[in-house]
Colleague: 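Dropping a structure here in C-alpha coordinates format, bear with me for questions.
All chains are named by letter (A, B, ...) in the order of the sequence lines, taking the proteins before the strands, and each is independently numbered beginning at 1.
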2 protein chains.
Amino acid sequence: MVDPTNNIGNVIRKVRSERGLTLDETAGITGVSKAMLGQIERGKSNPTISILWKIAAGLKISFSELLGSEDEIGEIIDIEGIDPVYESEGKMILHDVFPYNPISGFELFYIKMLPGGYHVSPPHQSSTEEHIIVTEGTLVIDVDGRHHVLKAPSALKFKSNLEHVYSNPYTVDVVFQSIVKY
Amino acid sequence: MVDPTNNIGNVIRKVRSERGLTLDETAGITGVSKAMLGQIERGKSNPTISILWKIAAGLKISFSELLGSEDEIGEIIDIEGIDPVYESEGKMILHDVFPYNPISGFELFYIKMLPGGYHVSPPHQSSTEEHIIVTEGTLVIDVDGRHHVLKAPSALKFKSNLEHVYSNPYTVDVVFQSIVKY
DNA sequence: TCTTTTTGTTTATTATAACATTCAGTTTTA
DNA sequence: TAAAACTGAATGTTATAATAAACAAAAAGA
(Lines give C-alpha, C1' and ligand atoms only; values in the text may rest on other atoms or scores of the structure.)
Protein backbone atom coordinates (compact mmCIF):
# COMPACT_ATOMS: atom_id res chain seq x y z
CA MET A 1 0.00 0.00 0.00
CA VAL A 2 1.41 3.34 -0.98
CA ASP A 3 -0.79 5.68 0.96
CA PRO A 4 -3.32 4.62 3.57
CA THR A 5 -5.04 8.01 3.52
CA ASN A 6 -8.02 7.15 1.35
CA ASN A 7 -9.11 4.13 3.30
CA ILE A 8 -8.82 5.90 6.64
CA GLY A 9 -11.47 8.34 5.51
CA ASN A 10 -13.80 5.59 4.41
CA VAL A 11 -13.44 3.76 7.72
CA ILE A 12 -14.17 6.89 9.74
CA ARG A 13 -17.19 7.83 7.68
CA LYS A 14 -18.49 4.29 7.90
CA VAL A 15 -18.13 4.14 11.67
CA ARG A 16 -19.60 7.58 12.11
CA SER A 17 -22.69 6.97 10.01
CA GLU A 18 -23.22 3.54 11.53
CA ARG A 19 -23.48 5.29 14.86
CA GLY A 20 -25.64 8.09 13.52
CA LEU A 21 -23.18 10.82 14.45
CA THR A 22 -22.92 14.20 12.71
CA LEU A 23 -19.61 15.86 11.98
CA ASP A 24 -20.37 18.34 14.76
CA GLU A 25 -21.05 15.63 17.32
CA THR A 26 -17.93 13.73 16.28
CA ALA A 27 -15.92 16.93 16.61
CA GLY A 28 -17.22 17.24 20.16
CA ILE A 29 -16.35 13.67 21.05
CA THR A 30 -12.89 13.64 19.51
CA GLY A 31 -11.72 17.21 19.96
CA VAL A 32 -10.98 17.49 16.25
CA SER A 33 -12.69 20.24 14.26
CA LYS A 34 -15.52 19.18 12.01
CA ALA A 35 -13.78 20.78 9.05
CA MET A 36 -10.79 18.55 9.64
CA LEU A 37 -12.96 15.47 10.11
CA GLY A 38 -14.79 16.22 6.88
CA GLN A 39 -11.54 16.62 4.97
CA ILE A 40 -10.10 13.40 6.35
CA GLU A 41 -13.28 11.49 5.51
CA ARG A 42 -13.15 12.79 1.96
CA GLY A 43 -9.48 11.91 1.62
CA LYS A 44 -8.54 15.57 1.25
CA SER A 45 -6.11 15.53 4.13
CA ASN A 46 -3.15 13.52 5.29
CA PRO A 47 -3.73 13.62 9.04
CA THR A 48 -1.00 13.69 11.68
CA ILE A 49 -0.64 10.83 14.07
CA SER A 50 -1.94 13.00 16.92
CA ILE A 51 -5.15 13.84 15.11
CA LEU A 52 -5.63 10.21 14.17
CA TRP A 53 -5.00 9.21 17.74
CA LYS A 54 -7.70 11.60 18.97
CA ILE A 55 -10.18 10.31 16.41
CA ALA A 56 -9.44 6.65 17.21
CA ALA A 57 -9.64 7.30 20.94
CA GLY A 58 -12.85 9.30 20.63
CA LEU A 59 -14.58 6.76 18.43
CA LYS A 60 -13.08 3.83 20.34
CA ILE A 61 -11.66 2.09 17.29
CA SER A 62 -8.28 0.41 16.96
CA PHE A 63 -5.44 1.55 14.77
CA SER A 64 -5.55 -1.69 12.87
CA GLU A 65 -9.20 -1.07 12.13
CA LEU A 66 -8.37 2.44 11.02
CA LEU A 67 -5.45 1.50 8.80
CA GLY A 68 -6.54 -1.92 7.58
CA SER A 69 -6.29 -2.11 3.81
CA GLU A 70 -9.93 -2.55 2.95
CA ASP A 71 -9.38 -2.29 -0.79
CA GLU A 72 -7.09 -5.31 -1.09
CA ILE A 73 -9.20 -7.54 1.11
CA GLY A 74 -11.41 -10.02 -0.67
CA GLU A 75 -9.43 -9.94 -3.91
CA ILE A 76 -8.22 -13.27 -5.16
CA ILE A 77 -4.51 -13.18 -5.91
CA ASP A 78 -3.28 -15.15 -8.89
CA ILE A 79 0.08 -16.16 -7.51
CA GLU A 80 1.63 -17.05 -10.83
CA GLY A 81 0.49 -13.69 -12.13
CA ILE A 82 2.77 -11.91 -9.67
CA ASP A 83 6.06 -10.97 -11.30
CA PRO A 84 8.54 -13.27 -9.61
CA VAL A 85 11.99 -12.53 -8.31
CA TYR A 86 14.64 -15.01 -9.39
CA GLU A 87 17.49 -16.18 -7.21
CA SER A 88 20.02 -18.96 -7.52
CA GLU A 89 20.57 -18.46 -11.26
CA GLY A 90 16.88 -18.71 -12.03
CA LYS A 91 16.38 -21.90 -10.07
CA MET A 92 14.58 -20.21 -7.20
CA ILE A 93 11.38 -18.42 -8.14
CA LEU A 94 9.82 -16.16 -5.49
CA HIS A 95 6.33 -14.68 -5.61
CA ASP A 96 5.69 -11.97 -3.02
CA VAL A 97 2.06 -12.92 -2.30
CA PHE A 98 1.47 -10.71 0.74
CA PRO A 99 4.16 -8.00 0.85
CA TYR A 100 5.10 -6.55 4.20
CA ASN A 101 2.78 -3.97 5.66
CA PRO A 102 2.98 -2.38 9.10
CA ILE A 103 -0.48 -3.58 10.14
CA SER A 104 -0.25 -7.27 9.32
CA GLY A 105 3.39 -7.27 10.44
CA PHE A 106 4.39 -10.12 8.18
CA GLU A 107 5.25 -11.05 4.64
CA LEU A 108 4.49 -14.22 2.70
CA PHE A 109 6.36 -15.68 -0.25
CA TYR A 110 5.30 -18.53 -2.49
CA ILE A 111 8.51 -20.16 -3.66
CA LYS A 112 9.36 -22.77 -6.26
CA MET A 113 12.86 -24.22 -6.34
CA LEU A 114 14.03 -26.28 -9.30
CA PRO A 115 16.35 -29.29 -9.02
CA GLY A 116 19.86 -28.11 -8.17
CA GLY A 117 18.57 -24.87 -6.68
CA TYR A 118 20.60 -23.45 -3.85
CA HIS A 119 20.13 -20.23 -1.93
CA VAL A 120 22.11 -18.74 0.93
CA SER A 121 20.14 -16.31 3.02
CA PRO A 122 22.30 -14.08 5.17
CA PRO A 123 21.07 -13.39 8.71
CA HIS A 124 18.08 -11.06 8.69
CA GLN A 125 17.46 -8.55 11.39
CA SER A 126 17.03 -9.93 14.85
CA SER A 127 13.64 -10.80 16.31
CA THR A 128 12.25 -12.00 13.02
CA GLU A 129 10.98 -15.55 12.68
CA GLU A 130 10.76 -17.50 9.49
CA HIS A 131 8.07 -20.12 8.98
CA ILE A 132 8.40 -22.64 6.19
CA ILE A 133 5.67 -24.93 4.86
CA VAL A 134 6.70 -27.40 2.20
CA THR A 135 3.76 -28.43 0.06
CA GLU A 136 5.40 -30.25 -2.86
CA GLY A 137 8.64 -32.17 -3.13
CA THR A 138 11.44 -32.15 -0.59
CA LEU A 139 13.39 -29.17 0.65
CA VAL A 140 16.70 -29.14 2.46
CA ILE A 141 17.35 -26.31 4.91
CA ASP A 142 20.56 -25.77 6.83
CA VAL A 143 20.17 -23.38 9.70
CA ASP A 144 23.32 -22.37 11.47
CA GLY A 145 24.96 -25.63 10.47
CA ARG A 146 22.01 -27.83 11.38
CA HIS A 147 20.75 -29.96 8.51
CA HIS A 148 17.00 -30.35 7.96
CA VAL A 149 15.22 -32.44 5.33
CA LEU A 150 11.60 -31.44 4.81
CA LYS A 151 9.43 -33.81 2.79
CA ALA A 152 6.01 -32.45 1.90
CA PRO A 153 3.83 -31.95 3.77
CA SER A 154 5.99 -30.61 6.56
CA ALA A 155 6.97 -27.39 8.21
CA LEU A 156 9.75 -25.70 10.11
CA LYS A 157 10.32 -22.45 11.90
CA PHE A 158 13.51 -20.79 12.96
CA LYS A 159 14.90 -17.43 13.95
CA SER A 160 16.12 -15.71 10.83
CA ASN A 161 19.00 -13.93 12.50
CA LEU A 162 20.99 -17.06 11.71
CA GLU A 163 22.38 -17.86 8.31
CA HIS A 164 20.11 -20.32 6.55
CA VAL A 165 20.58 -22.18 3.30
CA TYR A 166 17.78 -23.59 1.12
CA SER A 167 18.54 -26.26 -1.41
CA ASN A 168 16.89 -28.80 -3.66
CA PRO A 169 19.39 -31.63 -4.34
CA TYR A 170 16.67 -33.83 -5.84
CA THR A 171 15.27 -34.31 -9.34
CA VAL A 172 11.81 -32.80 -8.92
CA ASP A 173 10.64 -29.29 -8.12
CA VAL A 174 9.96 -28.29 -4.55
CA VAL A 175 7.24 -25.79 -3.67
CA PHE A 176 7.10 -24.10 -0.32
CA GLN A 177 5.76 -21.02 1.42
CA SER A 178 7.80 -18.75 3.63
CA ILE A 179 6.19 -16.49 6.18
CA VAL A 180 8.48 -13.93 7.74
CA LYS A 181 7.10 -12.44 10.92
CA TYR A 182 8.81 -9.23 12.03
CA MET B 1 -1.53 8.12 26.07
CA VAL B 2 -2.28 11.73 25.29
CA ASP B 3 0.32 12.26 22.64
CA PRO B 4 2.19 9.31 21.14
CA THR B 5 4.76 11.56 19.51
CA ASN B 6 7.54 11.21 22.09
CA ASN B 7 7.54 7.45 22.29
CA ILE B 8 7.46 7.02 18.53
CA GLY B 9 10.70 8.93 18.29
CA ASN B 10 12.38 6.80 20.92
CA VAL B 11 11.35 3.59 19.21
CA ILE B 12 12.63 4.74 15.85
CA ARG B 13 15.96 5.90 17.25
CA LYS B 14 16.35 2.64 19.16
CA VAL B 15 15.65 0.51 16.10
CA ARG B 16 17.87 2.61 13.91
CA SER B 17 20.88 2.51 16.22
CA GLU B 18 20.44 -1.20 16.92
CA ARG B 19 20.84 -1.78 13.21
CA GLY B 20 23.73 0.63 12.91
CA LEU B 21 21.94 2.86 10.43
CA THR B 22 22.66 6.54 9.95
CA LEU B 23 19.98 9.10 9.32
CA ASP B 24 21.12 9.28 5.72
CA GLU B 25 20.85 5.54 5.20
CA THR B 26 17.46 5.46 6.88
CA ALA B 27 16.31 8.30 4.66
CA GLY B 28 17.34 6.21 1.67
CA ILE B 29 15.51 3.13 2.87
CA THR B 30 12.30 4.86 3.89
CA GLY B 31 12.07 7.73 1.44
CA VAL B 32 11.71 10.23 4.29
CA SER B 33 14.19 13.12 4.54
CA LYS B 34 16.86 12.80 7.19
CA ALA B 35 15.88 16.16 8.63
CA MET B 36 12.36 14.88 9.17
CA LEU B 37 13.63 11.62 10.66
CA GLY B 38 15.85 13.52 13.05
CA GLN B 39 12.99 15.76 14.16
CA ILE B 40 10.65 12.83 14.70
CA GLU B 41 13.28 10.97 16.72
CA ARG B 42 13.79 14.00 18.92
CA GLY B 43 10.03 14.45 19.36
CA LYS B 44 10.14 17.81 17.59
CA SER B 45 7.60 16.84 14.99
CA ASN B 46 4.13 15.41 14.86
CA PRO B 47 4.37 13.25 11.75
CA THR B 48 1.56 12.53 9.33
CA ILE B 49 0.30 9.01 8.93
CA SER B 50 1.87 8.77 5.47
CA ILE B 51 5.33 9.57 6.79
CA LEU B 52 4.91 7.11 9.63
CA TRP B 53 3.77 4.45 7.20
CA LYS B 54 6.85 4.95 5.06
CA ILE B 55 9.12 4.70 8.08
CA ALA B 56 7.41 1.56 9.39
CA ALA B 57 7.43 -0.13 6.00
CA GLY B 58 11.03 0.81 5.33
CA LEU B 59 12.31 -0.39 8.67
CA LYS B 60 9.97 -3.40 8.66
CA ILE B 61 8.47 -2.57 12.00
CA SER B 62 4.81 -2.85 12.90
CA PHE B 63 2.54 -0.06 13.95
CA SER B 64 1.99 -1.77 17.28
CA GLU B 65 5.72 -1.76 17.84
CA LEU B 66 5.85 1.86 16.87
CA LEU B 67 2.96 2.87 19.18
CA GLY B 68 2.98 0.34 21.70
CA SER B 69 8.31 -19.58 22.18
CA GLU B 70 11.62 -20.14 22.08
CA ASP B 71 11.59 -23.95 22.72
CA GLU B 72 9.92 -25.05 19.49
CA ILE B 73 12.24 -23.11 17.23
CA GLY B 74 14.37 -25.25 14.96
CA GLU B 75 12.25 -28.38 15.28
CA ILE B 76 10.86 -29.88 12.12
CA ILE B 77 7.15 -30.40 12.41
CA ASP B 78 5.67 -33.47 10.76
CA ILE B 79 2.32 -32.02 9.79
CA GLU B 80 0.57 -35.33 9.35
CA GLY B 81 1.89 -36.36 12.73
CA ILE B 82 -0.13 -33.62 14.40
CA ASP B 83 -3.39 -35.00 15.71
CA PRO B 84 -5.93 -33.43 13.42
CA VAL B 85 -9.26 -31.90 14.25
CA TYR B 86 -12.10 -33.12 12.08
CA GLU B 87 -14.94 -30.94 10.87
CA SER B 88 -17.66 -31.41 8.29
CA GLU B 89 -18.32 -35.07 9.22
CA GLY B 90 -14.70 -36.01 8.80
CA LYS B 91 -14.33 -34.36 5.41
CA MET B 92 -12.31 -31.43 6.71
CA ILE B 93 -9.03 -32.30 8.40
CA LEU B 94 -7.23 -29.52 10.25
CA HIS B 95 -3.64 -29.64 11.49
CA ASP B 96 -2.74 -26.82 13.84
CA VAL B 97 0.83 -26.37 12.57
CA PHE B 98 1.70 -23.13 14.36
CA PRO B 99 -0.80 -22.62 17.15
CA TYR B 100 -1.47 -19.09 18.25
CA ASN B 101 1.12 -17.52 20.49
CA PRO B 102 1.10 -13.98 21.80
CA ILE B 103 4.51 -13.18 20.35
CA SER B 104 3.96 -14.19 16.76
CA GLY B 105 0.41 -12.92 16.90
CA PHE B 106 -0.91 -15.37 14.38
CA GLU B 107 -1.94 -18.95 13.86
CA LEU B 108 -1.46 -21.31 10.93
CA PHE B 109 -3.53 -24.34 9.95
CA TYR B 110 -2.75 -26.94 7.31
CA ILE B 111 -6.11 -28.11 6.06
CA LYS B 112 -7.23 -30.93 3.80
CA MET B 113 -10.80 -31.00 2.57
CA LEU B 114 -12.22 -34.10 0.88
CA PRO B 115 -14.72 -33.99 -1.98
CA GLY B 116 -18.11 -32.91 -0.71
CA GLY B 117 -16.57 -31.18 2.29
CA TYR B 118 -18.36 -28.12 3.57
CA HIS B 119 -17.62 -25.94 6.56
CA VAL B 120 -19.41 -22.87 7.89
CA SER B 121 -17.22 -20.59 9.95
CA PRO B 122 -19.17 -18.13 12.06
CA PRO B 123 -17.78 -14.56 12.31
CA HIS B 124 -14.62 -14.40 14.41
CA GLN B 125 -13.86 -11.43 16.57
CA SER B 126 -13.64 -8.17 14.72
CA SER B 127 -10.33 -6.88 13.38
CA THR B 128 -8.96 -10.33 12.62
CA GLU B 129 -7.87 -11.18 9.12
CA GLU B 130 -7.78 -14.57 7.53
CA HIS B 131 -5.28 -15.47 4.81
CA ILE B 132 -5.81 -18.52 2.63
CA ILE B 133 -3.27 -20.20 0.36
CA VAL B 134 -4.56 -23.03 -1.77
CA THR B 135 -1.76 -25.39 -2.77
CA GLU B 136 -3.61 -28.40 -4.20
CA GLY B 137 -6.96 -28.72 -5.91
CA THR B 138 -9.68 -26.08 -5.94
CA LEU B 139 -11.39 -24.48 -2.97
CA VAL B 140 -14.64 -22.55 -2.91
CA ILE B 141 -15.01 -19.82 -0.32
CA ASP B 142 -18.11 -17.73 0.22
CA VAL B 143 -17.45 -14.63 2.28
CA ASP B 144 -20.50 -12.64 3.25
CA GLY B 145 -22.36 -13.86 0.19
CA ARG B 146 -19.47 -13.30 -2.22
CA HIS B 147 -18.45 -16.41 -4.09
CA HIS B 148 -14.74 -17.14 -4.65
CA VAL B 149 -13.23 -20.06 -6.57
CA LEU B 150 -9.57 -20.63 -5.74
CA LYS B 151 -7.65 -22.93 -8.02
CA ALA B 152 -4.17 -23.85 -6.80
CA PRO B 153 -1.86 -22.03 -6.58
CA SER B 154 -3.83 -19.01 -5.44
CA ALA B 155 -4.54 -17.01 -2.34
CA LEU B 156 -7.19 -14.85 -0.72
CA LYS B 157 -7.51 -12.74 2.36
CA PHE B 158 -10.60 -11.40 4.06
CA LYS B 159 -11.82 -10.02 7.33
CA SER B 160 -13.01 -12.90 9.45
CA ASN B 161 -15.72 -10.96 11.22
CA LEU B 162 -17.91 -12.00 8.33
CA GLU B 163 -19.43 -15.43 8.01
CA HIS B 164 -17.36 -17.50 5.61
CA VAL B 165 -18.02 -20.89 4.13
CA TYR B 166 -15.38 -23.30 2.78
CA SER B 167 -16.43 -26.04 0.41
CA ASN B 168 -15.03 -28.59 -1.99
CA PRO B 169 -17.71 -29.42 -4.58
CA TYR B 170 -15.20 -31.24 -6.78
CA THR B 171 -13.98 -34.83 -7.01
CA VAL B 172 -10.40 -34.41 -5.75
CA ASP B 173 -8.98 -33.34 -2.41
CA VAL B 174 -8.11 -29.73 -1.80
CA VAL B 175 -5.21 -28.71 0.43
CA PHE B 176 -4.85 -25.21 1.77
CA GLN B 177 -3.26 -23.21 4.58
CA SER B 178 -5.05 -20.68 6.69
CA ILE B 179 -3.25 -17.93 8.55
CA VAL B 180 -5.30 -15.97 11.03
CA LYS B 181 -3.76 -12.69 12.06
CA TYR B 182 -5.13 -11.16 15.26
C1' DT C 1 48.57 18.42 12.94
C1' DC C 2 45.73 19.27 9.17
C1' DT C 3 42.51 17.65 6.01
C1' DT C 4 38.63 14.85 4.66
C1' DT C 5 34.70 12.30 5.68
C1' DT C 6 30.90 11.14 8.41
C1' DT C 7 27.69 12.14 11.72
C1' DG C 8 23.49 14.67 13.58
C1' DT C 9 21.50 19.24 14.04
C1' DT C 10 19.94 23.78 12.51
C1' DT C 11 18.28 27.04 9.16
C1' DA C 12 15.42 28.72 5.36
C1' DT C 13 11.73 27.71 2.34
C1' DT C 14 7.70 25.46 0.62
C1' DA C 15 3.69 22.72 1.14
C1' DT C 16 -0.08 21.71 3.68
C1' DA C 17 -2.45 20.26 8.11
C1' DA C 18 -5.66 22.28 11.16
C1' DC C 19 -8.83 25.53 12.51
C1' DA C 20 -12.77 29.06 12.55
C1' DT C 21 -15.93 30.84 9.62
C1' DT C 22 -18.94 31.12 5.82
C1' DC C 23 -21.77 29.05 2.43
C1' DA C 24 -25.33 26.26 -0.07
C1' DG C 25 -28.54 22.57 0.07
C1' DT C 26 -31.97 19.79 3.03
C1' DT C 27 -35.02 18.88 6.32
C1' DT C 28 -38.09 20.60 10.24
C1' DT C 29 -41.06 23.47 12.36
C1' DA C 30 -44.31 27.26 12.65
C1' DT D 1 -45.34 29.15 2.40
C1' DA D 2 -41.47 30.97 5.16
C1' DA D 3 -38.20 30.67 8.56
C1' DA D 4 -35.49 28.22 11.49
C1' DA D 5 -32.34 24.51 12.25
C1' DC D 6 -29.25 21.29 10.56
C1' DT D 7 -26.44 18.99 7.11
C1' DG D 8 -21.77 18.56 4.69
C1' DA D 9 -18.72 21.31 1.75
C1' DA D 10 -16.05 25.47 0.55
C1' DT D 11 -13.58 29.41 2.15
C1' DG D 12 -9.42 32.20 4.29
C1' DT D 13 -5.88 32.21 7.91
C1' DT D 14 -2.47 30.39 10.93
C1' DA D 15 0.55 26.92 12.53
C1' DT D 16 3.56 23.59 11.35
C1' DA D 17 4.98 19.32 8.70
C1' DA D 18 8.30 18.31 5.25
C1' DT D 19 12.13 19.21 2.43
C1' DA D 20 16.82 20.72 0.81
C1' DA D 21 20.75 22.97 2.05
C1' DA D 22 23.99 24.73 5.20
C1' DC D 23 26.19 23.95 9.48
C1' DA D 24 29.04 22.29 13.51
C1' DA D 25 31.08 18.57 15.87
C1' DA D 26 33.31 14.32 15.93
C1' DA D 27 35.86 10.47 13.73
C1' DA D 28 39.00 8.75 10.45
C1' DG D 29 42.98 9.13 7.41
C1' DA D 30 47.05 11.20 5.71
Colleague: Is it true that A/S121 and A/E163 share a donor-acceptor pair across their side chains at a distance under 3.5 Å?
Modeller: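 A/E163 vs A/S121: no donor-acceptor pair found between side chains.
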
Colleague: Any donor-acceptor pair under 3.5 Å linking the side-chain atoms of A/S50 with those of B/N46?
Modeller: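 Note: B/N46 and A/S50 side chains meet the donor-acceptor criterion.
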
Colleague: Would you say a side-chain N or O of B/R42 is under 4.0 Å from OP1 or OP2 of C/dT10?
Modeller: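 For B/R42, the contact criterion (side-chain N or O under 4.0 Å from OP1 or OP2 of C/dT10) is met.
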
Colleague: Which whole-number value in Å describes the distance from B/E41 CD to D/dA18 P?
Modeller: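 Atom CD in B/E41 sits about 14 Å away from atom P in D/dA18.
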
Colleague: Measure from CD on A/E25 to C1' on D/dC6 and round the result to the nearest Å.
Modeller: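 It works out to 11 Å between those atoms.
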
Colleague: Assess the residue pair B/W53 and A/I103 against the criterion (side chain to side chain contact (heavy atoms under 4.5 Å, CB included)); give the C-alpha distance rounded to whole Å, side-chain angles, the decisive distance to 0.1 Å, and a yes or no.
Modeller: CA-CA 10 Å; B/W53 186 274; A/I103 297 300; 3.9 Å; yes

Colleague: Check whether B/N168 reaches the backbone of B/G117 with its side chain - one donor and one acceptor, N or O, closer than 3.5 Å.
Modeller: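 Judged by distance alone, no pair lies under 3.5 Å.
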
Colleague: Counting only side-chain nitrogens and oxygens, does A/R16 get under 4.0 Å of the OP1 or OP2 atom of D/dT7?
Modeller: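 No, A/R16 has no side-chain N/O under 4.0 Å of OP1/OP2 on D/dT7.
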
Colleague: Using only heavy-atom distances, determine whether the side chains of B/E130 and B/S178 contain a donor-acceptor pair under 3.5 Å.
Modeller: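 Looking only at side-chain atoms, B/S178 and B/E130 do form a donor-acceptor pair, the distance falling under 3.5 Å.
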
Colleague: Using a cut-off of 4.0 Å between protein heavy atoms and nucleotide atoms, how would you tag nucleotides 14-21 of chain C 5' to 3' with B, S and -?
Modeller: ---SBBB-

Colleague: Round to the nearest Å and state the distance from B/D24 atom CG to C/dT9 atom C1'.
Modeller: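 Value for this atom pair: 12 Å.
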
Colleague: Go through the side-chain N and O atoms of A/Y110 and A/E80 and say whether any donor and acceptor fall under 3.5 Å apart.
Modeller: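 A/E80 and A/Y110 do not have a side-chain donor-acceptor pair below 3.5 Å.
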
Colleague: Whole angstrom is fine here: how far is it from CG in B/L23 over to P in D/dA21?
Modeller: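 My rounded result for the distance is 17 Å.
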
Colleague: Report the end-to-end axis angle of the helix from C/dT1-D/dA30 to C/dA30-D/dT1; each axis comes from five terminal pairs, and the value is rounded to 10°.
Modeller: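 The value is 10°.
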
Colleague: Using the side chain to side chain contact (heavy atoms under 4.5 Å, CB included) criterion, which residues pair with A/D144? Sequence neighbours excluded.
Modeller: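 Partners of A/D144 by the side chain to side chain contact (heavy atoms under 4.5 Å, CB included) criterion, ordered by chain and then number, come out as A/L162.
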
Colleague: Any Lys/Arg nitrogen of A/E41 or A/R16 sitting under 4.0 Å from an Asp/Glu carboxylate oxygen of the other?
Modeller: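 Judged by the 4.0 Å cut-off on N to carboxylate O distance, A/E41 and A/R16 do form a salt bridge.
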
